[in-house]
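Below is one structure, written out as structure tokens, with a few remarks after it.
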Amino acid sequence: MKDNMTAVSKKGQYSFNRIHAYIMLAVITAFYLGLFFVYGVALCDDSNGYIRMISAREPVYPLYLAFFRKIVGLKHYLSVAVFFQNILMIYAVYSLIKYLMLRYKLRPYMGYLFVAINVGVSALNQFIALRGAAYSNSIETEALAIPLWLIFFRLLFKFIDTNRSKYIWQMALLTGLMMDIRKQMAIGFVLMFAVTFIVFIGRKHYLRKLLVTVVAIVISFLLAGLVTRVYNYCLRGTYASNTRDMNLVLTTSLYIADPEDEKLIEDEASREVFMKTMEILDKEEIIYNYAGSSLSELNAHYVESFDKITIDTTANLFIDFAVDNGFSEGMEAEAEADRMSKVIVKSLFMDNIGKYTKVYMSSMYDGLINTVAKRHPLLDIYAMLAFLAYIGLGIACFVKKRTRTIAYAAIAVFFGIMINVGSTAAFIFCQTRYMIYNMPLFYMVILIMLYGLIYRKEDFSVKPYGIIARDRLGKDIEESDDIKKIAIIGPVYPYKGGIAHYTGLMTKAFKKKYDTSCISYSMQYPKIMFKKEQRDYSNKTFEIEDAQFLINTANPINWIISAYKIRKMNPDLIITQWWHPYFAPCYQWILGSLEGYRNVYINHNVLPHERFPLDRWLTKGTLSYGDYAIVHSKLDEDDLKKLLPKMKYSRTVIPTYSAFKLRDITREEARKELGIEENEKMLLFFGLVRKYKGLPYLIKAMPKVIEEYPDIKLYVVGDFAGHKDEYMELIKENKVENNIVIRDGYVPDEEIQPYYTAADICVCPYESATQSAIVQVSFGFNLPVIATNVGGLPEVVTDGKTGYVVESMNSDALAEAIIKFYKEDKQKEFINNVIEESPRFSWDHMVEVIEELVLNGRN
């Protein structure tokens with residue numbers, strides 16, 4: 001293995017090793033902490049509102065300041081808050097640069113250019129722009145919103161690259177948080193939907209991803225609104241949203257209005273406050289009528305007038321008017337001010353739509369320029385050329401298949417710019433403060449597009465293992481086909497059942513060759529779903545001493561922790577047991593958090609035996625997180641190919657389960673334990689009794705068998721999963737009570753051996769099946785099997801050699817096979833054949849099948 005944080009292609013075309021990573025991190029840290037220690041805290045016009053926690057401000061930033069005020073006291077809390085703002089900025093910038101470097105396999109100089117871009121944007125605000133302070137040093141919402149926006153885009157890029165739903169939820173929750181910092185950041189919701197709607201057309205799970213995106217947006221939006229209301233309730237005793245949200249829209253409505261428009265307002269109070277306001281605005285010449293005729297003159301006048309209208313005039317005038325009209329100071333007066341604002345906006349908007357459109361277009365133009373430069377005659381030309389170059393490069397990247405994934409990233413950033421500019425222009429003027437979010441992203445993506453088109457000839461759509469998932473400092477992200485460490489996810493001793501036995505035996509087989517970890521469940525099924533005991537401590541043969549019982553399948557918080565712990569193991573391969581869609585949410589989150597790590601699904605059933613609505617959807621969504629699959633039957637193979645036609649897979653039989661031989665007992669001793677005569681004929685039906693296992697057909701076959709062999713006994717050994725009375729009634733109807741022995745209940749592992757050792761043959765009369773562990777348990781005891789021609793059973797039971805394969809749901813066929821078995825005295829022959837075929841069912845062979853699939857992609 002190479003040094004940590006190293007990504008080196010086979011042709012040596014790119015390199016991002018730990019030294020470069022540390023240098024970049026050091027430069028970013030030195031810059032932002034340098035700004036903090038040299039320039040300290042920068043107070044702005046809005047700072048006092050956040051410090052005082054006024055009702056017009058969104059809750060998160062005032063709470064952020066209040067937290068540090070509570071922790072460190074009044075003297076130093078602003079300095080501590082600004083220090084952590086700079087730490088957040090360092091993390092956001094570095095993590096984004098690191099992701100882009102690894103994702104697009106860029107040369108080190110690209111990383112340093114990215115650092116220069118991000119540092120340069122902050123330096124512009126600190127040293128060149130009129131505001132004279134970097135946002136990370138300022139007491140205003142951009143200090144948190146800008147780094148969170150960069151983190152949002154890193155998640156968005158990952159979503160585009162991986163198509164993983166977990167990033168939808170992460171982006172939605174992050175956008176809800178940003179919205180409670182600054183309402184403008186609701187643009188993240190719009191961007192999420194736009195990217196999903198346009199970029200993912202034609203890609204797998206499109207409609208599902210679109211639905212998940214909409215649901216995530218709605219939930220996060222509602223949560224953000226709830227947080228604001230709870231905040232106001234706790235602070236002010238009023239369960240309400242922020243006040244003065246209409247103030248920005250009101251400003252534009254007043255700017256484009258004429259004093260004569262008072263006749264459009266029917267509400268008396270609203271009309272009166274409008275007339276007072278317009279008298280002031282008209283006198284100070286800060287309305288549309290006094291602007292120049294060109295778009296640039298109009299925008300300059302609008303920008304100059306905006307704060308005079310919003311801060312100097314309406315902010316106090318409307319509230320004072322409400323107080324003068326009997327409303328109490330505080331939330332009540334502010335709510336009345338909001339009501340009058342809404343009435344004025346609604347009354348004036350349509351009659352002034354032409355003016356509004358012209359103001360909007362001038363503001364859009366201003367916003368586009370402020371996103372990539374600063375308003376100046378020469379810079380205006382530069383900005384338009386920069387956008388044309390961006391669009392041209394984006395088209396070129398989209399046309400070339402190998403760079404199309406870069407084009408998707410470029411589209412996302414372009415949407416982000418247009419949505420931000422468009423929404424901001426609708427409510428406020430597009431000053432640099434509101435446009436700065438996308439400036440570094442614009443230039444970084446331009447560089448990536450140039451790099452992809454000019455210098456790289458590889459297909460960017462193919463991401464090597466580890467490039468995305470193992471990109472944390474201190475993790476090896478070298479592209480490698482080697483397998484050294486394996487993590488196996490699934491139930492294991494002391495959990496009951498064939499899949500737990502399978503997981504234990506597979507783990508033991510892999511431990512012979514590899515560093516293998518077994519990750520099992522701290523809780524497999526909630527008791528409400530599975531009320532019976534889920535564990536069996538009787539057979540320690542299946543025990544994996546170092547198994548880690550991490551996963552609680554019903555606890556989403558646990559999924560996050562489990563994914564983190566598995567990632568810490570840094571496996572080269574993850575092997576996951578799959579048999580039921582119940583595990584879909586748990587597996588999708590955990591394996592979605594481990595994208596880039598190779599994953600093999602062992603499909604015990606691709607689709608469940610008992611079908612239910614959405615099972616295909618859940619299964620397809622979960623299995624799509626795998627790179628490879630193992631199936632054990634033709635039926636499962638067909639289901640897998642329908643769900644995921646491009647999945648690489650292998651079909652192989654289930655290995656034998658020989659670990660139930662816990663002691664040396666002869667056939668005679670086993671029969672004596674069970675109370676069976678030595679010469680008595682014994683059939684065995686073993687396992688959980690469920691409808692698809694076809695026991696009724698075996699019961700109906702018994703009268704015909706009894707005619708030939710009156711002393712024959714059928715042992716039905718297993719837990720009846722409901723409807724036992726129906727089976728007992730069927731036994732009575734067929735008058736076979738004296739020839740069928742029922743042992744109802746779970747059979748501990750330590751009590752299994754006598755039944756298989758004593759039996760002449762095992763019968764599996766399944767109506768449907770993919771495969772059956774019962775067959776392999778039988779073969780583990782060298783016991784032949786009569787099985788039906790369903791699923792993968794004919795691939796395991798060789799008809800006429802290791803047993804018989806008969807038509808399913810056919811009692812006569814079962815009876816004839818049983819009679820033939822005894823009449824032709826096939827027991828010894830079949831036993832010898834089972835022993836002869838045992839290498840085909842070895843666990844070592846299973847290991848080889850998985851190795852061949854993963855290392856060579858062969859079926």
Establish, from distance only, whether the side-chain atoms of Asn86 and Ser136 form a donor-acceptor pair under 3.5 Å. yes
Should we count NZ of Lys358 as having more than 12 external heavy atoms under 6.0 Å? yes
Return yes when atom CZ of Phe221 has more than 12 non-hydrogen atoms of other residues, nucleotides or ligands closer than 6.0 Å, and no otherwise. no
Working for side-chain hydrogen bond (donor to acceptor under 3.5 Å, both in side chains), residues Ser55 and Glu334: CA-CA 9 Å; Ser55 61; Glu334 291 179 12; 2.2 Å; yes
Has Asp46 got a side-chain atom pairing as donor or acceptor with Glu140's backbone, closer than 3.5 angstrom? no
Check: Val359 main-chain N/O paired with Ser362 side-chain donor or acceptor under 3.5 Å: yes
Could you check if a side-chain atom of Asn370 sits within less than 4.5 angstrom of a side-chain atom of Ile436, using non-hydrogen atoms only? no
Side chain to side chain donor-acceptor pair (under 3.5 Å), paired with Thr252, selected from Tyr288, Tyr360, Tyr302: Tyr302
Please confirm whether the backbone N or O of His376 pairs with a side-chain atom of Asp380, one donor and one acceptor, at under 3.5 Å? yes
If the threshold is 4.0 Å, N to carboxylate O, is there a salt bridge linking Arg339 and Glu336? yes
Quick check against the 3.5 Å criterion: does Asn316 have a side-chain atom that pairs as donor or acceptor with the backbone of Asp312? no
Got more than 12 heavy atoms from elsewhere within 6.0 Å of OH, Tyr290? yes
Less than 6.0 Å separating the ring centroids of Phe36 and Tyr32? no
Among Thr277, Thr251, Leu254, Asp307, whose side-chain contact (heavy atoms from CB on, under 4.5 Å) with Thr313 holds? Thr277
Please check: side-chain N/O of Asn352 versus main-chain N/O of Ser253, any donor-acceptor pairing under 3.5 Å? no
Find the distance between CD1 (Ile448) and CD1 (Ile406) and round it off to the nearest 0.5 Å. 7.0 Å
Between Tyr356 and Phe349, ring centroids under 6.0 Å: yes
Electrostatic pair Glu304:Lys308 at N-O distance under 4.0 angstrom: yes
To the nearest 0.5 Å, what is the distance between CZ on Phe153 and CG on Leu441? 5.5 Å
Side-chain donor/acceptor of Glu297 to backbone N/O of Ala291, under 3.5 Å: no
Does Arg271 come within less than 4.0 Å of Glu266, counting only side-chain N to carboxylate O? no
What I'd like to find out is whether the side chain of Val190 reaches to under 4.5 Å of the side chain of Ile217, using heavy atoms alone. no
Is the shortest side-chain heavy-atom distance between Lys400 and Leu453 below 4.5 Å? yes
Do Val218 and Leu222 have side chains that get closer than 4.5 Å, going by heavy atoms? yes
Taking atom CG of Asp261 and atom CG of Leu348, what is their separation to the nearest 0.5 Å? 5.5 Å
Ring geometry between Phe414 and Tyr390 (parallel below 30°, tilted from 30 to 60°, perpendicular above 60°): parallel
Give the C-alpha distance, both sets of side-chain angles, the deciding distance and a yes or no for ring-ring contact (aromatic ring centres under 6.0 Å, His included) between Phe189 and Phe193. CA-CA 6 Å; Phe189 291 136; Phe193 182 82; over 10 Å; no
Can any side-chain N or O of Ser270 pair as donor or acceptor with the backbone N or O of Val343 at less than 3.5 Å? no
For a quick check under 3.5 Å, do Tyr167 and Gln170 share a side-chain donor-acceptor pair by atom type? no
Is it the case that the side chains of Thr405 and Asp161 hold a donor-acceptor pair, with the cut-off being a distance below 3.5 Å and no angle test? yes
Within the structure provided, determine whether Ile286 and Tyr255 are in side-chain contact (heavy-atom separation under 4.5 Å). no
Check whether Ser220 reaches the backbone of Ala172 with its side chain - one donor and one acceptor, N or O, closer than 3.5 Å. yes
CE-CG distance between Met418 and Asn438, expressed to the nearest 0.5 angstrom: 11.0 Å
Heavy atoms from other residues, nucleotides or ligands near CD of Glu279 exceed 12 (cutoff 6.0 Å): no
Looking at Phe442 and Ala386, what are the two nearest heavy atoms and their distance? CZ-O, 3.7 Å
Inter-residue atom distance Leu156.CG - Ile151.CD1, 0.5 Å rounding: 13.5 Å
What is the distance from atom OH of Tyr109 to atom CG of Leu447, rounded to the nearest 0.5 Å? 9.0 Å
Set out, in order, the CA-CA distance, both residues' side-chain angles and the distance that settles salt bridge (Lys or Arg N to Asp or Glu O under 4.0 Å) for Asp351 and Lys263, then state yes or no. CA-CA 12 Å; Asp351 279 70; Lys263 62 181 179 295; over 6 Å; no
Residue pair Tyr61 / Leu65, side-chain heavy-atom distance below 4.5 Å: yes
Distance alone, cut at 3.5 Å: any donor-acceptor contact between the side chains of Ser423 and Gln184? no
Face-on cation placement of Arg154 at Tyr99 ring, 6.0 Å and 45° thresholds: no
Return the orientation label for the Tyr443 and Tyr382 ring planes: parallel under 30°, perpendicular over 60°, tilted otherwise. parallel
For a quick test of reading the model, state the closest non-hydrogen atom pair linking Arg182 to Tyr50 and the distance between them. NH1-OH, 4.3 Å
Does the separation of the ring centres of Phe68 and Tyr64 fall below 6.0 angstrom? yes
Aromatic centroids of Phe306 and His301 separated by under 6.0 Å: no
Are the side chains of Met439 and Ile146 in contact, using a 4.5 Å heavy-atom criterion? no
For the pair Asp267 (side chain) and Met340 (backbone), establish whether a donor and an acceptor sit closer than 3.5 Å, ignoring hydrogens and angles. no
What's the verdict on salt bridge (Lys or Arg N to Asp or Glu O under 4.0 Å) for Asp258 and Lys355, showing C-alpha distance, side-chain angles and the deciding distance? CA-CA 11 Å; Asp258 288 316; Lys355 295 180 186 177; 3.1 Å; yes
Should Leu78 and Leu43 count as side-chain neighbours, where that means a heavy-atom distance under 4.5 Å? yes
Is a side-chain donor or acceptor of Ser122 paired with a backbone partner of Ala134 at a separation under 3.5 angstrom? no
What is the minimum heavy-atom distance between Trp169 and Val212, and which atoms define it? NE1-CG1, 3.6 Å
Distance alone, cut at 3.5 Å: any donor-acceptor contact between the side chains of Asp180 and Thr228? yes
